[in-house]
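By convention here, the first residue in the shown sequence is residue 1.
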Amino acid sequence: MQTFTEMQRIKMYDICFIGGGLNYAGAVVAAKAGMSVALIDRNLNLLGGTCLHRGCIPSKMFLHYGYLGYATKATSIFSREDLLDMSQLQLEKRRLIESSNKAIVRQCKDITLIEGDAKVTAPHEISVVNEKIEAAYVVIGTGSKPFIPDGITYDGKHIITSDEVMMMSSLPQSIAIYGNGAIGLEMASFFAACGVKTTLIYLFEELFEKAHPSISSSMQKQLKSLGVILMPNSKIIKAKSSDEGALITLEDGSSLVAEKLLVATGRHANTDVVACSQIKLNEHGIETDEMFETTAPDHFAIGDCNGKIQLAHAARAEVLNVVNRLLNRKPSILNLDYVVKFIHTLPMSYASVGLTRSTLEKSDEPFKESVVPLNAFTYSHIHHAKDGIMAVYTDAENFIVGAEILAPNAEELISTAAMALTGELSAALAKETILAHPTFSEALERAFFRL
């Protein structure tokens with residue numbers, strides 16, 4: 001691995017990647033293909049980005065152990081009710097992340113790694129550590145950061161974001177969570193499953209309005225069964241820390257106190273890297289076309305910073321699509337509707353791919369749905385999933401166009417539907433699929449059969 005100090009006299013690279021999250025995957029492919037590659041990140045100890053260090057990897061680890069505790073308490077077969085040891089969990093998390101980080105560094109052995117805050121000051125010119133880097137192609141993958149609404153005084157102590165949750169060494173006695181997106185729902189599940197008094201505050205009447213109505217209803221029931229206190233139609237206008245914890249004032253004049261307030265109101269694209277007029281920004285992030293090229297030719301933006309879809313696997317797919325196109329491998333244009341989306345709640349998670357019922361209802365196109373409840377399957381009763389749902393959708397020609405699942409490991413189960421969608425599978429062919437028994441996948445088989 002060459003350091004920037006060793007390479008100071010070399011100004012020109014074939015391709016420069018800014019941001020060391022899933023962007024690194026493209027850098028590795030480009031380097032293996034023989035391109036001269038630089039990768040810039042403000043902290044090289046955090047290669048792998050938010051997903052690895054403060055996002056999806058540690059959060060799913062937390063939820064896994066949260067589920068083990070929940071499952072033990074939810075049955076009379078086990079008599080012990082041990083609390084989750086957060087200090088031990090943090091130790092296990094550090095071991096996992098350190099191992100993964102080392103693996104990423106090994107993959108980057110043919111890449112010039114540069115540490116510092118980068119700015120694209122002109123087309124093909126990047127300023128970093130008081131030096132200029134020149135590159136024929138530039139790929140920006142600077143991710144996103146938590147959004148803190150006006151009136152909320154974030155201090156990282158009593159008023160926190162998911163970054164601080166991932167560093168907790170002990171569980172709070174109580175926590176209020178503001179926001180019912182993926183982070184809000186997942187963390188509400190985790191803390192409630194661990195026995196923490198959990199309040200979920202959100203702006204709208206519906207908890208999960210974009211999902212199939214039956215799934216939305218089941219999700220609400222699931223959270224309530226965990227003990228989550230739901231506060232719909234509620235807006236925080238002021239929150240600050242005190243000796244008592246987080247003091248929260250709502251728009252209707254009411255107030256509450258919690259040891260912690262987790263602000264989970266979404267994330268905003270990191271666009272500070274752009275310091276030239278040729279690369280345009282929009283309200284969502286760095287503006288790009290369907291091939292992720294910015295308004296400056298040969299400059300690309302992938303992942304959260306382009307504002308299209310905030311998922312690590314989407315970022316990886318985008319950067320590989322860009323690099324393969326630059327290598328003249330002629331990849332297809334990515335259909336971001338085919339990206340699996342999921343929320344890892346407990347004990348059942350939600351996943352979708354393609355068109356959902358809410359999007360289909362907004363269109364003028366006819367569609368057919370097949371909805372199968374999991375309570376008809378014995379397997380669901382031993383996995384706390386009797387309120388689960390499988391929903392599959394077809395178009396007027398009876399081709400599969402989307403699916404939604406609420407079930408344990410829904411993010412895994414949805415892969416069958418995702419492949420059916422990408423492969424343009426008809427309902428007639430899907431009906432010939434024979435899946436294993438007893439599993440949750442057989443409920444998906446039943447959904448195909450009913451189309």
Ignoring hydrogens, what is the shortest heavy-atom contact between [X] and [Y]? Give both atom names and the distance.
{"X": "A391", "Y": "V371", "value": "CB-CG2, 4.1 Å"}
{"X": "P331", "Y": "N321", "value": "CG-O, 3.5 Å"}
{"X": "I286", "Y": "A301", "value": "CG2-CB, 3.7 Å"}

Return yes when atom [atom1] of [X] has more than 12 non-hydrogen atoms of other residues, nucleotides or ligands closer than 6.0 Å, and no otherwise.
{"X": "K386", "atom1": "NZ", "answer": "no"}
{"X": "R42", "atom1": "CZ", "answer": "no"}
{"X": "M291", "atom1": "CE", "answer": "yes"}
{"X": "Y338", "atom1": "OH", "answer": "yes"}
{"X": "K238", "atom1": "NZ", "answer": "no"}
{"X": "E92", "atom1": "CD", "answer": "yes"}

Worksheet item: Do Y350 and E404 pass the side chain to side chain contact (heavy atoms under 4.5 Å, CB included) test, and can you show the C-alpha distance, the side-chain angles, and the key distance before you say yes or no?
Response: CA-CA 7 Å; Y350 168 79; E404 295 180 83; 2.7 Å; yes

Do [X] and [Y] pair up side chain to side chain, a donor and an acceptor below 3.5 Å, judged on atom types alone?
{"X": "S349", "Y": "E411", "value": "yes"}
{"X": "E412", "Y": "S415", "value": "no"}
{"X": "D155", "Y": "S241", "value": "yes"}

Practice prompt. Tell me, please, which residues at least two apart from R325 pass salt bridge (Lys or Arg N to Asp or Glu O under 4.0 Å).
Written response: none

Fill in: NZ-NZ distance between K157 and K260, expressed to the nearest 0.5 angstrom
8.0 Å

Discussion item. Among residues at least two apart in sequence or on other chains, which ones pass ring pair (Phe, Tyr, Trp, His ring centres under 6.0 Å) with Y67?
Written reply: none

Worksheet item: Hey, does Y178 have a side-chain heavy atom less than 4.5 Å from the side chain of I152?
Response: yes

Item to complete: Kindly determine whether L360 and E365 satisfy side chain to side chain contact (heavy atoms under 4.5 Å, CB included), including the steps that lead there.
Response: CA-CA 7 Å; L360 286 164; E365 297 298 322; 6.0 Å; no

Worksheet item: For the side chain of D298 and the backbone of V138, is there at least one donor-acceptor N/O pair under 3.5 Å apart?
Response: no

Item to complete: Look at the side chain of E164 and the backbone N and O of T161, then say whether any donor-acceptor pair between them is shorter than 3.5 Å.
Response: yes

Worksheet item: Could you go step by step and tell me if F440 and Y379 meet the ring pair (Phe, Tyr, Trp, His ring centres under 6.0 Å) rule?
Response: CA-CA 7 Å; F440 289 113; Y379 203 60; 5.0 Å; yes

Worksheet item: Between H268 and F147, what is the ring plane arrangement, given parallel below 30°, perpendicular above 60°, and tilted in between?
Response: parallel

Fill in: For C194, all residues meeting disulfide (SG to SG under 2.5 Å), sequence neighbours excluded
none

